[in-house]
Amino acid sequence: MVVEIRLHTILQLETPSGKVRKVSMTLLPGATLAEVLAKLRIELPLEGLLLVINGRLVDVDTVIADGDVIDLIPALSGGAVDFLTHVLL
């Protein structure tokens with residue numbers, strides 16, 4: 001299955017051609033958000049991350065479905081509240 005992952009602020013990936021804000025990832029059925037974080041090598045404490053799938057706040061053990069859109073947002077990043085208000089409402 002394939003999911004889209006949107007990386008916010010300090011989680012954006014640095015590449016020679018600039019920052020990458022969005023990536024697609026292929027996962028096996030039954031994969032959880034914890035597996036996504038591990039594959040991306042995101043090591044921030046979970047308390048420091050807002051985990052959002054398809055506009056809903058979730059926890060790290062949430063099972064991901066094909067086509068899900070995942071937003072990984074550092075909890076203290078500027079604009080996170082505005083973003084969540086836009087996505088969740």
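Note that the numbering runs from 1 along the sequence shown for the chain. These numbers come from the heavy atoms of this one structure, side chains and all, not from hydrogens, waters or symmetry mates.
Residues Leu27 and Val60 share a single hydrophobic cluster, defined by chaining ILVMFWY side chains whose heavy atoms lie under 4.5 Å apart.
Here the straight-line distance linking atom CG of Leu49 with atom CD1 of Ile73 works out to 9.5 Å at 0.5 Å rounding. Summarising the geometry, atom CG belonging to Leu72 is positioned 7.5 Å from atom NE2 belonging to His8; distances are rounded to the nearest 0.5 Å.
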Counting only pairs under 3.5 Å, give me each side-chain donor-acceptor contact of residues 16-24, with atom names and distances, residues two or more places apart or in other chains.
| from | atom 1 | to | atom 2 | distance (Å) |
| --- | --- | --- | --- | --- |
| Ser17 | OG | Thr15 | OG1 | 3.4 |

Could you list the donor-acceptor pairs under 3.5 angstrom formed by side chains in residues 28-42, with sequence neighbours left out?
| from | atom 1 | to | atom 2 | distance (Å) |
| --- | --- | --- | --- | --- |
| Thr32 | OG1 | Ala34 | N | 3.4 |
| Glu35 | OE2 | Thr32 | N | 3.2 |

Exercise for the section: Just do the side chain to side chain contact (heavy atoms under 4.5 Å, CB included) check on Ile5 and Leu7 with the steps written out, would you? Expected result: CA-CA 6 Å; Ile5 304 159; Leu7 305 165; 3.9 Å; yes
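For the residue pair Met1 and Ile64, the shortest heavy atom distance occurs at CE-O, 3.2 Å. Taking all atoms of both residues into account, the shortest heavy-atom contact from Val3 to Ala65 is CG1-O, 3.6 Å.
Screening residues 58-68 for side chain to side chain donor-acceptor pair (under 3.5 Å), with sequence neighbours left out, gives Asn54-Asp68, Asp59-Thr62.
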